[in-house]
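What follows is a set of notes on a single structure, which appears directly below.
Quick note: numbers below take in every heavy atom, side chains included, and nothing from hydrogens, waters or symmetry partners. Atoms within each ligand, like the ligands themselves, are counted from 1 in listed order.
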Amino acid sequence: MKSSEIREKFLKFFESKGHTIVRSSPLVPGNDPTMLLTNSGMVQFKDVFLGLDTRPYSRATTVQRCVRAGGKHNDLENVGYTARHHTFFEMLGNFSFGDYFKRDAIQYCWELLTKVYMLPAEKLTVTVYFEDDEAYDIWANEIGVPKERIIRIGDNKGARYASDNFWQMADTGPCGPCTEVFYDHGADIWGGPPGSPEEDGDRFIEIWNLVFMQFNRDEQGVLTPLPKPSIDTGMGMERLAAVLQHVHSNYEIDLFQALIKAAARETGALDLANNSLKVIADHIRAASFLIVDGIIPSSEGHGYVLRRIIRRALRHGHKLGQTKPFFHKLVLDLDIEMGEAYPELREAKARVAQVLKAEEERFGETLENGMKILEAQLAKDAKNLDGATAFTLYDTYGFPLDLTADICRERGVTLDEEGFAAAMEQQKRTARAAGKFKMAAKVEYAGEKTKFVGYESLAHNTHVLALYSEGVSVQELKAGQEGIVVLDTTPFYAESGGQVGDQGVIGNGVNVFEVEDTLKIQADVFGHHGLLREGSLKVGDTVDAQVDTVKRARTIRNHSATHLMHKALREVLGSHVQQKGSLVDPDKTRFDFSHGAPLTLDEIAKVEMIVNREILENHPTQAQHMSFDDAVKHGAMALFGEKYGDTVRVLDIGSSKELCGGVHVTRTGDIGLFKIVSEGGVAAGIRRVEAVTGEGALALVQSINRKLQEAAGALKTSPDELPSRIAQVQDQVKMLEKEVAALKSKLAAGQGDELVTKAVDVNGIKVLAATMEGADVTALRETMDKLKDKLGTAAIVLASVLEGKVSLIAGVTKDATGKVKAGELVNFVAQQVGGKGGGRPDMAQAGGTDPSSLPQALAGVAGWVGERA
Ligand code: SER
């Protein structure tokens, strides 16, 4: 039975039992900071189990794409070493939200396995949680599984409810006891039933897990009953396919075989059983689907999981001898296998390949070099790898730790992970010390939070709550001292969400504190960093806080323009564009986003046009506070991986809607002109655009115009005619270059005639050593050829000096190479002028750095030949 039929039969079976077929959710769980990646079918229903969300159905069934490569459920390190572990897999699941419970769940399971998939009942063994008499009873008395094939599993992982038969999604969240079904692959495979000492073998493989969701586990580990007992089941599609296709390993099933063959094709591997091919076949699935779901390789979070997977695959490719980019080519094969079931993959395949290729190119060079470092270290000690080397590989060569661990495991080397962690910690400490000024923000403060009034006003009469000098709390700051001021209320915006902190002045009368930057010293406590220019400032003083209005106005123009630009980029490039970073200051906005290719001039122009059109429409800006869910309904764009509170601030600027706490213009028209300054790549799959607004944009346009005028003036033409004039000049230059080359060669030929007369006879060999003024290497070579023709049996050295460097060429006619070798001859001269060289017996070339010794070196040539001829 093919994989596609297995999926279909599963969904249809549960549909016939009143379940709604629900699509797979993406691999990145929506707005759930407790979970990095979707690791099972229940993730998209978490809130339904918890009673926080409702659905129009109480029974659902899915084929869910899952990744287990980090967090509570991590299989990355086992991939390639066992028959059944994957980073990416598909989970077939049925769910009941307070509808049916244990009895129906078990009955459906048995019916599907034995009546639809037609598995022989005697091949199946089940486990139950040791206290779960109810489940035991259903299996034994209602289904009729013989008692010797029903196994009770207790808390076998060292704590209450820490058991193979107690499932939980993550450290917190829904959980409950479970019952599992195992398939016996036969006595010829090593392994024992669950609970036996040989359970880790491959004979008895768990295929289906039925979880009786009953509790929610909180951060303290306390379990509270869920509103309604529910069902969450999960069956590994690949494991079931192995059973139904009568193969033992998941890697032998139809879709994996195709991918393994493709991996062999691209790496040149001949042995299809090679484990590296399995790793590559597994990883192309995980990597591609992560990219489909909006992730891009990076150095943290989701992006780092992706990077680790890709790099591990590339290393295995390297091991098979493939050092060129190959991994991205497998996307097409994956599409053939899975594009039908996952249209989102089919749609995104070109982008996926592009992102992979960029990462391959990025890592290709360092992989090679890193492997050399690693080999050198292992040559010294073949049993242990020290933490410092592992850290260098990580830090300089981009080897994720698990990649290094993978190599160590293959070769039976012990990796010092603690040493690695220590080296990492040391580097962080150094980096922290380097960021001293910002670290000064980490001061101790236990007072009131700051009230921010800077959305409405730029000046405010307020009180000093605390003062700090060099990170220590003080009662007073004096003239000339740097420090931090905390106020009870402030109009100064503190750096966040990419918008820089405000500058300005705090003071009263003669006391003036110049604020250079405003940063949060704690959540909602603003620190005004700066210098006390005049007078003094004491805790308790009443002061006027005045924001630099010009800088603020420029900053907020850039910030509002960023929102419009983000929206326009999505419109022009596609909805895969996601913000990856931003910096908004008075001079510019710098915006990083996911996109795989450089922007064309047309795309840039379109983005500029859309933004400027929104500016001209002069829409009023609206800020509203609402719940996160309402914000999502409102259509607001939330940032990936950002944490949002219960209430969020939604900003509508023109047609853009985003969650944002920043300060913005009142109407889009306030932005003035918007103009993109530059576009470039910052990392694989991430582009950076810089843009300016208002006076900044005007200044840019004026400066471009000025440069154009100057360039046109220099070429005696108008700006309009400049491109064609430049093309004309380039043609002229090319023509002149050709003429110069022809003249040089003529000149050299002339010199050649003259040189013939300078040759001396040394025992039947004509020896010539001469300098040719102003000749380049080509001219030297051409002259050499002519001289050889004219002199008959000869040994010749020609030299020239250009820009302080010596070029040398030696030639020996074929009939003399038995006695004199051009390579040795050129080296004889080169060594005396500070260089070396080499080549064939009849022609060799060299360079040198010491022209002053050249005449003497050339003078010695005849003697040198004489010793040999
Ligand atoms: N959540 C359970 C598992 O992942 C059943 O779907 O095994």
Side-chain angles (χ1 to χ4, degrees), residues 6-7 10-11 13-14 19 21-25 27 29 32 34-50 59-76 78 84-97 99-102 104-106 108-110 112-113 126-129 132 135 153 156-157 161-183 194 204-217 223 226 229-240 250 286:
I6 296 174
R7 291 188 197 105
F10 186 90
L11 296 175
F13 174 80
F14 281 104
H19 292 63
I21 299 177
V22 178
R23 278 174 63 94
S24 168
S25 64
L27 288 171
D32 184 352
T34 67
M35 167 139 288
L36 194 63
L37 292 165
T38 299
N39 63 13
S40 63
M42 57 75 64
V43 170
Q44 66 167 315
F45 302 116
K46 177 184 172 191
D47 283 349
V48 188
F49 288 121
L50 295 176
R59 297 174 173 216
T61 181
T62 59
V63 177
Q64 174 67 48
R65 53 183 183 272
C66 301
V67 166
R68 293 191 175 177
K72 186 163 176 60
H73 299 272
N74 180 5
D75 289 334
L76 180 62
N78 286 323
R84 58 181 194 278
H85 282 99
H86 301 291
T87 51
F88 174 94
F89 64 98
E90 295 172 86
M91 188 177 268
L92 308 169
N94 58 291
F95 307 91
S96 146
F97 311 116
D99 187 323
Y100 59 87
F101 201 45
K102 294 185 188 180
D104 288 341
I106 291 176
Y108 290 153
C109 157
W110 197 254
L112 178 65
L113 290 180
V126 300
T127 58
V128 296
Y129 187 53
D132 194 349
I153 303 280
N156 58 352
K157 291 177 167 174
Y161 296 133
S163 162
D164 283 334
N165 277 55
F166 194 93
W167 199 85
Q168 65 183 69
M169 175 191 106
D171 292 334
T172 61
C175 54
C178 58
T179 180
E180 297 183 330
V181 182
F182 287 73
Y183 182 81
F204 289 85
I205 300 279
E206 177 211 329
I207 54 171
W208 204 344
N209 183 12
L210 280 48
V211 183
F212 309 127
M213 285 293 187
Q214 273 168 294
F215 306 105
N216 180 26
R217 189 187 193 104
L223 302 187
L226 291 178
S230 297
I231 291 293
D232 150 33
T233 87
M235 172 149 63
M237 201 286 289
E238 297 77 1
R239 292 180 181 195
L240 179 64
N250 293 2

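For ligand 1, the atoms sitting less than 4.0 Å from at least one non-hydrogen atom of S40 are 1 (N), 4 (O), numbered in the order shown with element in parentheses. Set against the non-hydrogen atoms of V211, the atoms of ligand 1 under 4.0 Å away are 2 (C), 5 (C). In summary, the atoms of ligand 1 found under 4.0 Å from a heavy atom of M42, numbered by their order in the structure, are 1 (N).
Contacts with ligand 1 closer than 4.0 Å are made by backbone heavy atoms (N, CA, C, O) of T233 only, the side chain lying farther away. Counting heavy atoms under 4.0 Å from ligand 1, residue M91 touches it through the side chain alone. Looking at R68 against ligand 1, only its side chain comes within 4.0 Å, counting heavy atoms.
Under the 30°/60° scheme for interplanar angles, the aromatic rings of Y129 and Y161 are found to be tilted. Between F95 and F45, the ring-plane angle classifies as tilted under the 30° and 60° cut-offs. By the 30° and 60° cut-offs, the orientation of the rings of F215 relative to F166 is parallel.
Taking atom 7 (O) of ligand 1 as the reference point, the nearest protein heavy-atom neighbour is N209 ND2, 3.0 Å. Closest to atom 6 (O) of ligand 1 among all protein heavy atoms lies D232 OD1, 2.7 Å.
N209 contributes no side-chain N or O that, together with a main-chain N or O of C178, makes up a donor-acceptor pair within less than 3.5 Å. Within the 3.5 Å criterion, the main-chain N or O of T87 finds no donor-acceptor partner in the side chain of D75.
With respect to L92, the side chain to side chain contact (heavy atoms under 4.5 Å, CB included) criterion is satisfied by exactly one of T233, L11, I6: I6.
For a threshold of 3.5 Å applied to N or O pairs, the pair formed by G234 and ligand 1 contains at least one separation below that value.
Side chains of S40 and Q64: a donor-acceptor N/O pair is absent below 3.5 angstrom, by distance only.
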